[in-house]
Amino acid sequence: MDFRLYTTVDLDAARVARTTVIDTPSTPQWFQSFRIICAHEVSNIIFTVKDENPVSATLIGRAYLSVDEVISGHPVKRWLHIVDEKGKAIHSQIHVNVQFFDVTRDQFWSKGIPSPQFGGVPFTFFNQRPGCKVTLYQDAHVSNNFIPKFGLSHGMFYEAQRCWEDIFDAIINAKYLIYIAGWSVYTKITLIRDPRGPNHSKFENLTLGEILIEKAKEKGMRVLILVWDDITSKQWLYQTLHQGFGLMGTHDEDTIAYFKDTNVQCFRCPRLTSEGKSMIQGVESNSLFTHHQKTLVVDCEDSSGKRRIVSFLGGIDLCEGRYDTQEHSLFRTLNTVHAQDFHQPNFSGSSIKKGGPREPWHDVHCRLEGPVAWDVLYNFEQRWTKQVGQRFLYSLEELDRIMTSPLEKAPTKDGEDWNVQIFRSIDSGSVTGFPLEPKKVARFNLVADKGTVIDRSIQDGYVNAIRRARNFIYIENQYFIGSSYDWKPEVQEGGSLPSSKPKDPFGALHLIPKELSLKIVSKIEAGERFSVYVVIPMWPEGVPESGVVQEILYYQRRTMEMMYTDIAAAIQHKQLNAHPRDYLSFFCLGNREILDSGEDTPEKPEPDSDYFRAQVHRRFMIYVHAKMMIVDDEYIIIGSANINQRSMDGGRDTEIAMGAYQPHHISAKQPAKGQIFGFRMALWYEHLHEIHDSFLHPEKLECIQEVNKIAEQHWKIYADEVCDQDLPGHLLRYPVEVSSYGRITSLSEVEKFFPDTNASILGSKSQNLPPILTT
């Protein structure tokens, strides 16, 4: 009888590794190595042997290795007996070699970036690249009246940059290539909406689609676009969905049709599974997961006389609803920059004819120049080759003739260069070029999963940065869900701490929230200050009462509660006079605008609807779509990846991110005051509309308490039934109460729902939705 065997590795019930499948006789041998990042409370390491079949798999048996045997750090090499589901021996054994490394003994633990020679995150597909330039962007545009003056090192001042204007300039000045990969690329948007003077380009009044068609007509130009193929936008679903652009509103069918019979090469990319996955997993990948990367690669002028590669990546899609400034207006731009770009998917039947509030959009993006820009190009080439083939791509020989080599970097004289590293969540179903030989797979810390090779280096990059952190972490993200298999049981009335953990069947197993709480706990135990600030949306985009939104809020609350109970236990153990929010605080963004004279709409929302109430009360959330983390003002991660299992898994949504620092602006001896510091201060100025001396030291208790105080004042104004002033700042306390034991409840009996809605702030678990969709 033939078997197709593979082995999984579990930390108790948490699946952390899986071997390739081998067609085997009686003595299978895998010879695979795994480097597993752990943040779990477990008793056993479990090795499960299974026989693969097209639908799922058949259990052969399990072998158990007690954590007590490996916790000392000495290598454990031995045979383990395999038992069946009832614990009876099946007269087979498996040989394992296991060694545990305590992260607190790592040379970089809580040391930040110790020197300019720091080599980046080890064991990744892309190495860190020195000698680069990074431009950081907050929102798609920066208005003329947003001029924060923050002094940096070397007598410099921070200057905010304009993302979509820079993207526009990069596209129109490209000579040979414009490569775009997007979750959504909408041809009808305009990139320039703030007139730039008499010397403006002839392209400024054109839509993105028109610009790309015109550029593709130029001699030697190749315009290539990859858009995610949203299965719900297929023609046969149009009538079912009552709309022509799918449940996710990506316009992929419209975009493909728009570029048909032009020189623009635009292809839909389904999220396909790799060989070795079961039929069920294949259906899941194609219907539930997305291509979520947002990248642009172009060539630009270089002093060498050749051209050079410039890349953009981050959270901002080139589609409708993304254009915004730091004012995040709800009503006042509906007759100007948002007259043709009204985006409000949180209300049924919303339209510009019925008036605001529109959904304001806060996001973060970046431009990469130097050697790292070629890594973004290579990512695009890998994806294009997998989905389309070699057609239309420039060959290496052609690029060598027209482009400056990525190795030809000129040393900067001002000390403002960057070291940058690309991270991804992606698998071999979406890219070519991954190694298949087990030793090479292990060297890049890739995961070989039943014939699929997975890169989950974005999670590795986050974890590495959190473990290095010395003083504080600042996060902005669209989602915040993750259990590390340690979501607590529901806390009982009375506020007592939970005594045991439930089995976590929901699969949001990535480590980032747990790593954050463990970092705080380690600092409390060491008698040191540490602060974590997390900015998330008020609720995930969509109708807030819907089952999907409510379930995501439920998992978010479970994640928060897990973290706060960890911190509360550490505070009690040290007998400190402190509260968990002194170390970890969550925020959201919102806006409120008084009625201007002359504002009118021809139609009105349905009475007593969420839409109607939000319009009457002149308020709405600012949607946080950023995916960013700043550590100690010296290191930054920006990308497309959310803090949830979909983005961190590697086998679900495809993502890309960069991690970067300036070697001459690290905090080894004094607080870092380079571009990352300036960027954080500009973000805080955008959100708080004020500057406080304590903001220079975010780790200090004075700072986190000051930020919490301002955010609470803003929330009271936002939640008040009377609107008699514009909201003085956008940062709001996330509207939950945190007890000294870490329990999360509503702020009060009358504040159980988000303002103007009937949507529970704490969320609720759906009985119908698969957790793989919402986590």
Side-chain angles (χ1 to χ4, degrees), residues 135-148 160-168 182-186 188-196 207-208 249 294 296 312 314-347 350 352 355-367 476-478 535-541 587-593 596 614 618-628 638 640 679 682-689 718 726-727 729-732:
T135 304
L136 305 173
Y137 302 108
Q138 57 190 111
D139 306 310
H141 189 65
V142 174
S143 58
N144 291 324
N145 59 356
F146 183 76
I147 315 174
Q161 303 299 311
R162 293 174 166 176
C163 181
W164 275 17
E165 285 193 5
D166 284 356
I167 286 176
F168 172 85
W183 177 81
S184 172
V185 178
Y186 191 40
K188 295 182 180 180
I189 64 165
T190 54
L191 296 174
I192 303 297
R193 309 187 194 182
D194 191 355
R196 300 199 289 179
T207 65
L208 175 62
K294 305 108 171 38
L296 167 67
F312 295 78
I316 304 181
D317 295 281
L318 295 174
C319 66
E320 80 276 28
R322 272 49 174 178
Y323 185 93
D324 214 341
T325 66
Q326 293 66 50
E327 286 75 26
H328 298 297
S329 178
L330 304 176
F331 300 93
R332 293 168 184 162
T333 58
L334 296 184
N335 293 324
T336 55
V337 296
H338 292 111
Q340 303 299 320
D341 189 7
F342 179 80
H343 183 69
Q344 181 48 278
N346 302 275
F347 303 138
S350 63
I352 197 165
R358 60 176 282 270
E359 179 184 63
W361 198 271
H362 173 66
D363 222 324
V364 170
H365 217 68
C366 68
R367 179 177 66 192
E476 294 184 357
N477 207 280
Q478 181 184 2
V535 180
I536 54 178
M538 200 174 293
W539 67 78
E541 188 177 61
F587 307 92
C588 57
L589 302 179
N591 199 7
R592 197 164 196 181
E593 295 174 339
D596 283 348
R618 311 285 298 180
R619 63 189 169 197
F620 198 69
M621 70 169 171
I622 298 168
Y623 195 61
V624 179
H625 193 258
K627 300 93 168 54
M628 180 209 71
I638 291 174
S640 64
F679 189 61
L683 287 168
W684 284 27
Y685 181 75
E686 173 185 347
H687 300 332
L688 293 162
H689 288 194
Y718 180 88
D726 285 356
L727 197 63
H730 297 149
L731 191 76
L732 311 175

* Asked: Do the side chain of H365 and the main chain of I316 share a donor and acceptor less than 3.5 angstrom apart?
  -> yes
* To the nearest 0.5 Å, how far apart are CZ in R322 and SG in C163? -> 12.5 Å
* With no hydrogens and no angle check, is any side-chain donor or acceptor of E165 less than 3.5 Å from a backbone partner on H141? -> no
* Step by step, work out the side chain to side chain contact (heavy atoms under 4.5 Å, CB included) result for V624 and F587. => CA-CA 10 Å; V624 179; F587 307 92; over 6 Å; no
* To do: Output the distance between atom CD (Q340) and atom OG1 (T190), rounded to the nearest 0.5 Å.
  => 8.5 Å
* What's the verdict on side chain to side chain contact (heavy atoms under 4.5 Å, CB included) for D363 and Y137, showing C-alpha distance, side-chain angles and the deciding distance? -> CA-CA 8 Å; D363 222 324; Y137 302 108; over 6 Å; no
* Quickly, which of F331, W361, F347 forms a ring pair (Phe, Tyr, Trp, His ring centres under 6.0 Å) with F620? Name it, please. => F347
* Asked: Rounded to the nearest 0.5 Å, how far does CD of E476 lie from CD1 of I638?
  -> 9.5 Å
* Asked: Does one side chain, of Q161 or D166, offer a donor that lies under 3.5 Å from an acceptor on the other?
  -> no
* **Pairwise distance NE2(H730) to SG(C588) - rounded to 0.5 angstrom** => 12.5 Å
* Structure fact -> For D726, the side chain to side chain donor-acceptor pair (under 3.5 Å) test, sequence neighbours excluded, returns R332
* H338 side chain to Y323 main-chain N or O, any donor-acceptor pair under 3.5 Å? -> yes
* Yes or no on side chain to side chain contact (heavy atoms under 4.5 Å, CB included) for L208 and Y186, after CA distance, side-chain angles and deciding distance? -> CA-CA 8 Å; L208 175 62; Y186 191 40; over 6 Å; no
* **salt bridge (Lys or Arg N to Asp or Glu O under 4.0 Å) against K294, all qualifying residues, sequence neighbours excluded** => D317
* Asked: Under the 3.5 angstrom rule, does the side chain of Y718 hit a backbone N or O of L732 as a donor-acceptor pair?
  -> no
* Using modelled atom types only, decide if a donor and an acceptor are shared between the side chain of R162 and the backbone of V142 within a distance under 3.5 Å. => yes
* If we only count heavy atoms from C-beta on, is the Q326 to Q138 side-chain gap below 4.5 Å? -> yes
* Could you tell me which residues satisfy salt bridge (Lys or Arg N to Asp or Glu O under 4.0 Å) with R619, sequence neighbours excluded, listed by chain and number? => E721, D756
* Asked: Got a second to check how far E541's CD is from Q478's CD, nearest 0.5 Å?
  -> 7.5 Å
* Asked: Between CD1 of I622 and CD of E359, what distance do you get to the nearest 0.5 Å?
  -> 10.5 Å
* When you measure from the side chain of R592 to the backbone N and O of L727, does any donor-acceptor pair fall under 3.5 Å? -> no
* With the side chain counted from C-beta on, respond yes when F679 and M628 share a heavy-atom pair under 4.5 Å apart, and no when they do not. => yes
* Between E327 and T325, does any side-chain donor sit less than 3.5 Å from a side-chain acceptor? -> yes
* **Partner of D324 by side chain to side chain donor-acceptor pair (under 3.5 Å), out of H625, R358, H362** => R358
* Asked: Would you say the side-chain atoms of E593 pair up with the backbone N or O of L330, donor to acceptor, closer than 3.5 Å?
  -> yes
* To do: Evaluate the criterion side chain to side chain contact (heavy atoms under 4.5 Å, CB included) for residue pair H328 and L589; output intermediate values, then yes/no.
  => CA-CA 10 Å; H328 298 297; L589 302 179; 5.7 Å; no
